[in-house]
Amino acid sequence: FDWSDFETEALEGLKNGDSLGGKDGILAPMIKHLLEASLEGELSVHLEEEKLSGKKNRRNGKQSKGLKTQYGPIDLESTRDRAGSFDPQIVKKRQTTLGEGLDNKIISMYGRGMSYDDIRSHLEELYGLEMSKAALSQITDKVFPMLEEWRTRPLNAVYPILWMDALVFKVRHEGKIEKRAVFCVLGIDEDGMKELLGLYIAQNEGAKFWLSILTDLQNRGVRDILIACVDNLTGFGDAIESIFPDTEIQLCIVHQIRNSLK
């Protein structure tokens, strides 16, 4: 790898308006060289450790693998060992995607409502990458354990103020646009800091569903709420009092004004 030639070509590419990353990007050759050099260094260390432990092992040619990166596809040449005991770390065996950069782009597109077909077309157009629906699904599925950990995390025992309200959004469900109610619980802790305690989704807003949310808050450690700020939804106050009987209920000032004007 000639760094001088690469620098010359890269500067020429920038002058011509070529992209740093993506399909036919400027950085892909450099990333390829750095990864191959790192893999070579890892193997050298491994063979030296094998020698010191009395094991016989040596290099055994090279193998090629396609690697998808946010800088474009790379045809990576990595050295193998005779014994097959080498376990590279920078690019692991059977790894086909480099790092979290590309994964984060895919998760972001998925989170904005793009279908797997749309994401595949986008990756092909911008990065020259071909990815199956199964591969995309494996990447987007990585976020669900993190969401579940956040959703079930322990909460404080006391919250001086809690705001509880539902917002209605249009979402795509099974190919159709439908409305969903997103129940939001926003609290102020004893240090005066705001904290989003939870988001819950249902078909419509109702006191019965709010009761299940309040039960969930109790199961996650909440023992007392001093003031609950809510709208004038029928049965909402009764649901709160059944779980947190000492809580003072304050109607939202906007709803209070609206009801007064009526």
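Computation of the quantities below employed the complete heavy-atom set of this structure, encompassing side-chain atoms and omitting hydrogens, waters and symmetry-equivalent molecules.
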- Task: Measure the CD-CG distance between E205 and L167 for me, rounded to the nearest 0.5 Å.
- Result: 9.0 Å
- Side chain N57, main chain R82, donor-acceptor under 3.5 Å: yes
- Report yes or no: do F169 and I201 belong to one cluster of Ile/Leu/Val/Met/Phe/Trp/Tyr joined by side chain heavy-atom distances under 4.5 Å? yes
- Report yes if some heavy atom in the side chain of F244 is under 4.5 Å from a heavy atom in the side chain of R223; otherwise report no. no
- Task: Following the transitive rule for hydrophobic clusters with a side-chain heavy-atom cut-off under 4.5 Å over Ile, Leu, Val, Met, Phe, Trp and Tyr, establish whether W150 and V182 coincide in one cluster.
- Result: yes
- Is there a path from I225 to I243 through hydrophobic residues (I, L, V, M, F, W, Y) whose side chains come within less than 4.5 Å of each other? yes
- Message: Can you see whether D118 engages S115 through a side-chain donor-acceptor pair at a distance of less than 3.5 angstrom?
- Response: yes
- Task: Indicate, with yes or no, if Y159 and L186 share a hydrophobic cluster defined by side-chain heavy-atom contacts under 4.5 Å among Ile, Leu, Val, Met, Phe, Trp and Tyr.
- Result: no
- Task: Applying salt bridge (Lys or Arg N to Asp or Glu O under 4.0 Å), run through E48 and K51 and close with a yes or a no.
- Result: CA-CA 5 Å; E48 184 64 27; K51 182 179 179 180; 5.3 Å; no
- Message: Within this structure, what is the CE-CG distance for the pair M164 and L233, rounded to the nearest 0.5 Å?
- Response: 11.0 Å
- Sub-3.5 Å donor-acceptor pair from the side chain of N60 to the main-chain atoms of R80, do we have one? no
- Item | Mutual orientation of the aromatic rings belonging to W210 and F236 [parallel < 30°, tilted 30-60°, perpendicular > 60°] | parallel
- Beyond-backbone contact of K93 with P88, side-chain heavy atoms, under 4.5 angstrom: yes
- Item | Closest non-hydrogen atom pair, A202 against F183 | CB-CE1, 3.6 Å
- Item | N-O pairing of R180 and E178 below 4.0 Å | yes
- Item | side chain to side chain contact (heavy atoms under 4.5 Å, CB included) partner of D189, the single match among L197, I161, N156 | N156
- Task: Take L226 and T247 through the test side chain to side chain contact (heavy atoms under 4.5 Å, CB included) and record every step on the way to the result.
- Result: CA-CA 5 Å; L226 302 188; T247 298; over 6 Å; no
- Message: Counting C-beta onward and ignoring hydrogens, is there a side-chain heavy-atom pair between E42 and V45 closer than 4.5 Å?
- Response: no
- Task: Please step through salt bridge (Lys or Arg N to Asp or Glu O under 4.0 Å) for the pair E195 and R153, ending with a clear verdict.
- Result: CA-CA 12 Å; E195 181 183 356; R153 74 194 189 282; 3.2 Å; yes
- Message: Quick check for you: to the nearest 0.5 Å, what is the distance between L39 atom CG and L43 atom CG?
- Response: 9.0 Å
- Query: In Å and rounded to the nearest 0.5 Å, what is the CG to CG distance from L52 to L47?
  - Reply: 11.0 Å
- Heavy atoms, side chains only, cut-off 4.5 Å: are E77 and S64 in contact? yes
- Task: Could you pull out the closest heavy-atom pair between A239 and A207, with the gap in Å?
- Result: CB-O, 4.0 Å
- Message: Nearest 0.5 angstrom please: C229 SG to I227 CD1, how far?
- Response: 6.5 Å
- Task: Check L67 against L76 and note the closest heavy-atom contact, atom names and distance.
- Result: CD2-CD2, 4.2 Å
- Quick check: are there more than 12 heavy atoms from other residues, nucleotides or ligands sitting under 6.0 Å from CD of Q63? yes
- Task: Nearest 0.5 Å please: distance from the CD atom of E50 over to the NE2 atom of H46.
- Result: 3.5 Å
- Task: Find out whether E241 and I249 are in side-chain contact, i.e. whether some heavy atom of one side chain is under 4.5 Å from a heavy atom of the other.
- Result: yes
- Item | Heavy-atom closest contact (W163 atom, I188 atom, distance) | CZ3-CG1, 3.3 Å
- Task: Check whether any side-chain N or O of D81 sits under 3.5 Å from a backbone N or O of S85 as a donor-acceptor pair, and report yes or no.
- Result: yes
- Query: Is the closest side-chain heavy-atom distance between K62 and S78 below 4.5 Å?
  - Reply: no
- Given D165 and V230, is the side chain to side chain contact (heavy atoms under 4.5 Å, CB included) satisfied, shown in steps? CA-CA 6 Å; D165 199 4; V230 300; over 6 Å; no
- Query: Under 3.5 Å, is there a donor-acceptor pair between the S44 and R59 side chains?
  - Reply: yes
- Message: Do Y200 and D216 make a side-chain contact, defined as non-hydrogen atoms from C-beta onward lying under 4.5 Å apart?
- Response: yes
- Answer yes or no: is there a side-chain heavy-atom contact under 4.5 Å between L217 and L162? yes
